[in-house]
Structure formats: C-alpha cells, structure tokens
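Accompanying notes for the structure given below.
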Amino acid sequence: MISFSAVAKRYAGGQQALNGVGFSIAQGEFVFIAGHSGAGKSTLLKLIPAIERPSSGSVLVNGQNVGSLQRAALPYLRRNLGIVFQDQKLLYDRSVFDNVLLPLAFSDFDGREAAKRVRAALDKVGLLARDRASPVQLSGGEQQRLAIARAVVNRPAVLIADEPTANLDAASAIEILEIFASFNQVGVTVLVATHDEALIARFARRVLRLARGSIVD
Amino acid sequence: MKTWLRQHRQALAAALRRIAGNKPAAALNALVIGIALALPAGGYALLDSLRAVTGGSAIEPRLSVFLRIEATRADAEALVAKLKDDARVRDVRFVPREQALNELRAVEGLAEVAAALNSNPLPDALVLRPKSGEPADLETLAAALRALPAVDVVQADAVWARRLSALAATARLAIALLATLLAFGLVAITFNTIRLQILTQRAEIELAKLIGATDAFIRRPFLYLGALQGVAGGVVALAVLWGSFSALNVGVAELAASYESAFRLAALAPGDALALAVYSGGLGWLGAYLSVSKYLLEIEPV
C-alpha cells in the first residue's frame, strides 16, 4: 500500500531530514512512527500526500510514485488520504459541522448525502451533539477529534496523523488513539507519528523508529 | 454535469457570503467602480443624445445657391435644367422666393419681421446635392456655380455639420480612450480586492489544497466575487447616470423650450445598460482571474 525505498530528503537550507529510509506498509496495518522531535517523523508523513517531495529514492502509494506526480494530479492523490495535521488546521470562522463538510465540497455528493456523511463522521468521534458549535468552544481533545472527523469524512483508505496527542492529557490521548484503532479495525491503514513512548507501549502495534533521519529498528 | 452545476452554485454562494460578511468594503468597491464607469458611460450617452440633433441628412453635403434678386424665373428654370444635366450634381431642388418667404414666416419669432417687410427681399434659391462629398470637389463646384451670371451667393451647408461631426468623432475617441483607461483601472481595483481576499483566506486555501481541492475549485469563488463586484459597479454607474441626467434634464428642458424643442438628454437604452453591466462584470472577472492566477500559485502548503 505504502512503500518507501532509499528515500532521502534534504531541505533547501541543507538540513538532512531523511536519509536512506526504506519500509513497506500493507493495507490494513496500524503503524507508529516513533522518534524524538527533529528525527524526521513529520517529513516522512509529508512525503505520502506529496506535500514534500523526496530528494532521492521513491515513495509509492498504491503503486503510484507520488514523488513524481504532476501538480494537477495532487488533489486526486490527497482525496484518498485522510490527514490529521500537527497544527490541526481547523477553520475558526465556521461551525464544527462546516469544518467536516469541507472535504466533501469537491466530491460528488449532493447536499443530503454529504450532511449524512458529516453526521456519521462526527458521531464516530463523539462530537455529533456539538455540530453547531464553533471550534473555539471545543476543548483540546475535542478539537483533535474534530480534525479526525474531517480526515475520515471522505472514507479514505489511509489515515495519517502527525503528533495527534501532542497537547493532550494522557486520558484524552488514549481516547484519540482508540478512535484510530477503531478505524483500523474496519480496514483503514493507519500511520501515527508520536514521541509518546507510553502510548506506543500501551497500544503494542508495529513501530518504525526514526533517529536523525534513519530507521533504527 | 450535476456536480459541476452544484460546484458553481456553491462557489456563487461562497462569493455572496464573502460580500455579506464585509458589506461596507463591498459597497465602497462598487461605488468606486461605479463612479469610474459613469464617466465614459455618461459621455457616450451624451454624444448619443446629441447625435439626434446633429445627425441625419445634415451631415450630407449640400450646396445652397442663391440667385441674384434681379434674376427672372426663366433664368432660374434654365439654371435648374442645366444643373440637372451636370454630371457632378445628384439632384436639384428649386426654392422659389415666395416659398422662402412663407418658410420664414413659419419660423418662430421671425413672423413679425416678415410681416413688416414691404416687398419680398429673398431671392430664388436652389438646393443641390453633389455626387461627391469631398471638400475639394465641393469647392470646385461652388466656384463654378459662383462664376455663373445669375448666381449671387453659394453656401456649402455641409461645412458646419462636418465640423460638428469631426468634433463629435474626436469626442467619441476621447471617450473611448477614457473608457479604456478606466477599464484598466477597474481591472486593477478588482485585482487588489481579490488579492486582499486571498490573503485573509490564506488558511482556508492552504487547507483546501491539502485535502484535495483542485485549483479550479479554489479559484471559482474568487472569480464570482470579482464578477459580482464588477456587475455591482455597473449598476452603480447606471444609477449615477440616470440620477445625474434626470437632474440635468430640468435645465435642459428649459433651454430646449426656449428653442421650441423637446430635446432631452437620454440615459442609456436598456440594451446599452445591460451591455454596461455585463462589460463591467467581465472586467471584474478578468481582474479576479489575474489576481488568483498570480497569488493562488504562491500559496503552497508545507
């Protein structure tokens, strides 16, 4: 499903973020990307939706080399990926419901079907009762769950989350991870980058551990 | 097709929401565009109104030939017959002196003057239309006519009309230039408004790109916004035009009445008004398109 081979990423400033990274993730797997800040976790995740392009090596998603995709092809790649961003990227000028609706605006759903999907996604993350609220009225954990609802509303085959528990207390962090596990149970491939070793130990899944841009085990 | 229509409906709705979200700015933009457009549109309407007065057959060159007062009717008829055979002359109309006096009596304010005359001071006259309208040909023909013994004065009626028509052509050109300049201005205004709008919606645009929106999808609401702003400006221009022409017409009516005329300034005809709104909307769209093409590409999420 996702396969990296000899991937290196050097940023324009000369910083080497990834160095000869190779791994393969099968459909339906749940994988933690572990490592300290600056180990290259975010860079690795950004290569999958082609937000960044590798300096060398290849990144295949569903057999497609995403590093060499044309600009015009990127939207269609990204629609099949659910992404939970490190900074969440919620829009504070609209309701919880409208935030989740956003990815459906450029899909082929009519209004009623889209609304049904939005409610289903909000229900899965436990925010259905807050659909008219503004994101600012939500707690940190609720905002994170809103970001997840928006990522899954399109029913993507792959769910990617960059430090989804960074600013949450332990209980909320476990809640978030359980939501990811429930999506994984119904066949969604899940990649979660985190530096939280306790969380990784608790969920006992496959771990790709990064240190200074390379996989260490 | 259904999806396409829905996406356009959504883009239009998004554009309307953005206008509703910042009404004062939208109103100011429409006002600026409207006033800028009202200038050339008003000039155009003014020229159109004047054309009704100066236009028509008056622009066609004519020569008025006045015979000597002592010339007899036989002289006049001989001259008419001779001119009818002249290759340079298209047709000739004979105006007997009695008829000329009657016409003078019919002119407002001159009836009393005519009544005060003991005898008819007017000569017989011919009005002829030459085949060629070239000033040089007119001059040659006029000189030839002046040399005839029965002829007293030859007047080229067309001269003043041609001057007026040349003046009108110059004015039209000036208005076209003004319209072109202001069209650039309108595009620039929209370009800048849309640029600011893009900057305020940077976060949303970035997110949309990250979750799979195409460039066309992101661009669409901005294009609608530019076009709507242009149309609103066009409507303001029409309102300014109608308002100021109505005000001017009070004075114009008085002036025209003193000349026994029902002349009024006419604001744009419905077709022209519609064309103005469409044209203005098109320019707004163009400004938005240029702005979006420049700034949307610059927003690349990282």
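What you see below is based on every heavy atom in this structure, not just the backbone, and it leaves out hydrogens, waters and symmetry mates. The structure presented is a predicted model; accordingly, all values stated were derived computationally and were not measured. Numbers restart at 1 for each chain; the letters A, B, ... are given by sequence-line order, proteins then strands.
Proximity to chain B is absent for every atom of A/Leu74, based on heavy atoms less than 4.5 angstrom apart. Both the backbone and the side chain of A/Pro103 come within less than 4.5 Å of a heavy atom of chain B. For B/Gln10, the part lying near chain A is the side chain, with the backbone staying farther off; criterion is any non-hydrogen pair under 4.5 Å. A/Ala72 does not touch chain B: none of its heavy atoms, backbone or side chain, sits under 4.5 Å away.
Put simply, of A/Pro49, A/Ala105, A/Ala151, the one with the most heavy-atom pairs under 4.5 Å next to chain B is A/Ala105.
With hydrogens and angles ignored, the 3.5 Å screen pairs a side-chain donor or acceptor of A/Arg78 with a backbone N or O of A/Ala50.
Classification of the A/Phe23-A/Phe4 ring pair by plane angle, with boundaries at 30° and 60°, yields parallel.
Cation-pi geometry between B/Arg18 and B/Phe222 is satisfied (NZ or CZ under 6.0 Å from the ring centre, within 45° of the ring normal).
Other residues, nucleotides and ligands contribute only 12 or fewer heavy atoms inside 6.0 Å of the NE2 atom of A/His36. Taking a 6.0 Å sphere around CZ of A/Arg53, one finds it holds more than 12 heavy atoms contributed by other residues, nucleotides or ligands.
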